[in-house]
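As C-alpha cells, the structure follows; a few thoughts come after it.
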Protein chains: 2
Amino acid sequence: MTVQCGYIQFRPELGETDKNMARIESLLHHADGAQLLVLPELSNSGYQFVSREEAEAFSEEIPGGPFSSFLIQWARGHRQYIVAGINERSDSRLFNTAILVGPDGMVGKYRKMHLFWDEVDLFDPGDIALTVFNLPFARLGMLICFDWMFPEVWRILALKGADIICHPSNLVLPFAQQAVPVHGLVNRVFIITANRTGTERGLKFSGCSFISDPLGRTLHTASREEDEVYFTGLDTDRARYKMITPRNHAFKDRRPDQYTLLVSDAVDKPS
Amino acid sequence: MTVQCGYIQFRPELGETDKNMARIESLLHHADGAQLLVLPELSNSGYQFVSREEAEAFSEEIPGGPFSSFLIQWARGHRQYIVAGINERSDSRLFNTAILVGPDGMVGKYRKMHLFWDEVDLFDPGDIALTVFNLPFARLGMLICFDWMFPEVWRILALKGADIICHPSNLVLPFAQQAVPVHGLVNRVFIITANRTGTERGLKFSGCSFISDPLGRTLHTASREEDEVYFTGLDTDRARYKMITPRNHAFKDRRPDQYTLLVSDAVDKPS
C-alpha cells in the first residue's frame, strides 16, 4: 500500500514552547495530503538545556500537556498520524520521548534508550520496550536521534514487523545520514529521519532530514538550514518483502543461536 | 600500533586450484612489507559450482590440503599473516571457510555462517563460534561475503575485541561497499573487504575491494576489474578507542536487557 509519509524540519527555540507549537502548527498547514508526518526530537522545548531543572521547566506530561494535546487535536481534525519528539515529565522523571498520535487520539510513545552526551544529566534512560504500532496503513516503530548508533534497536523493530521507522532527531554530526539508510537496507524498512536546524548556545544542528528506502537508497534529503515540509508516497509492501535472493530471507537466515553475546553484559576477551 | 594491512584482489578460475595458487603466489611477491593480507572468498577453487560434487572435487582439508599448506609455508617464510577464503572439506561436510595463517603456522579458521543463494546446496552452514584472534599487533576477526548483511556478527566480533575484521568476499552487487563501512562505524573497527573480479558461468563479480576505518570512511577502493595488491598502515589504537563522545561508549551504552528478541527464534507480531 502506498502511504504519503514525510517530515517537518524546522528550528525549535530553546524554552519557547508556545512559539514552537505555533510554528509547528503553521508548518502543518503545508502538509495537506500527508498521512504520516515526523517532527524532530524535543520539538516542543528545544535541546541544549544546562540543567535538569531547566529541562524540567519546559517538560509536560503525556497525555495531558499542551503540546501532546495540540498534536492529538490536530491529528483528529486532519486525520493524520504524527510522530513528534517531546520533553516528557512523568512524576519525578524526565524522558526524551517520541509520541505517536492519530485520528483516534494518542497511539503510543517511545522513550529514548541511548542518551547522548550531557543528556544523561537531564533525562532518565528510556524504560519502555521497543514497540511496533499497527496503523491502518503501516506498521510503525520509533527511535530517537543517537539511538541510530545501535544496530540492535533497528533490528528489533524490524523483527517486530516495522515497515517504517520514524526517527525524530537533533543531529549535530553528519554520520547518521551515511549510516541510517544502511540500517534500512539490512532490515529492509523505510526510515524517516526528521532533523532540526538552527543553533542553541553554540551547538549547531545539521538539518538534512531524509527518507530512505528498504534498499538503503536516500529518496530525499532536506537542506542544511531551511525549514522544510516534505512528504512522498512509500509503498509499504516493499518493506514486507524480506527476500534478498529467491533463497535468502533477511530474518529467517539469521542464526540467533550464534548471537547470544548480544544480550550478555559480559564481553569476552579475545582468544 | 600502526600495522601494514591490505588485500589481494584477483580473478580465481573455477576449478583451477593449481593455477589459482600460482597466481596468488605471484601476487604475494608484490606485498613485501605487508603484515596482514586478505584474499577473496574461495580463492583456491572459484565460486560458481553447479553441484556439491563439483564443489567437493576442488575442496581440501584444513590443515593438510595443498592451498593451506602453501599459505602456511608462505606465512612462515615471509613473517606475514594471511586470511584467505578456501573451499574446505571436513569428513563428509563442505564449508565456505576463511583460514588465518601466520609466522607460526595456522592460527584459526571461520566457516561462513550465512550462506548465499545456491551455496546452500553446496556448503554446510558454519558451525564455529565467532572468534577473535589475538595477534602480536592486532585482534582480528573474520566474516565471509554475505555475512555482511547481518549486523549481529559485526557487533559480536567487535564486542569480542576485534580491531580489524577481515572479510574475504565474492561480491556481485554493490550494496556491501555502501554498508560494510557503516558496520565499521557503529562498532569502531577497521574492515578489509577483499573481493574478486572476473566472470564465472555468467556471474560477474564486482571487484572494488576496500578498507574502511572506525569512522566509517573508505580509505581505499580497488578497481572493478583489475588485479590489485594494496596495503596501508592502520593504527589499531583507533579501533580500541570506543568513546563516541566524552560521555558515550559504543559498547557500554548498549542496553542488552532490551535486546533479548535478537536471540529469540520467535518474532513478535506488531501490537
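Because the structure is predicted, anything quoted here is derived from the model rather than measured.
- A:S206 places a side-chain N or O within 3.5 Å of a backbone atom of A:L171 that can act as its donor or acceptor partner.
- Here the side chains of B:L140 and B:C166 are in contact, with some heavy-atom distance below 4.5 Å.
- A 4.5 Å side-chain heavy-atom check between A:H167 and A:V38 finds every atom pair outside the cut-off.
- Of all non-hydrogen atoms in B:V132 and B:R139, the two that sit nearest each other are CG1-CB, 3.7 Å.
- A:P125 is linked by a side-chain contact (heavy atoms from CB on, under 4.5 Å) to A:L115, B:R255, counting only residues two or more places apart in sequence or in another chain.
- Within residues 94-113 of chain A, the residues having any heavy atom closer than 4.5 Å to a heavy atom of chain B are A:M113, listed by residue number.
- Contacts between A:D257 and chain B at a heavy-atom distance below 4.5 Å are absent for every atom of the residue.
- Shown here are the side-chain contact (heavy atoms from CB on, under 4.5 Å) partners of A:H249, two or more places apart in sequence or in another chain: A:K242, A:M243, A:F251, A:K252, A:D253.
- Contacts of A:T218 classified as side-chain contact (heavy atoms from CB on, under 4.5 Å), with partners at least two apart in sequence or in another chain: A:P181, A:F210, A:T221.
- The residue among A:N187, A:L157, A:D121 with the most heavy atom pairs within less than 4.5 Å of chain B is A:D121.
- Contacts between A:F116 and chain B at a heavy-atom distance below 4.5 Å involve backbone atoms as well as side-chain atoms.
- Between A:F205 and A:T199 there is no side-chain heavy-atom pair separated by less than 4.5 Å.
- When the candidates B:R155, B:Q178, B:Q258, B:H183 are compared by the number of heavy-atom contacts under 4.5 Å with chain A, B:R155 comes out ahead.
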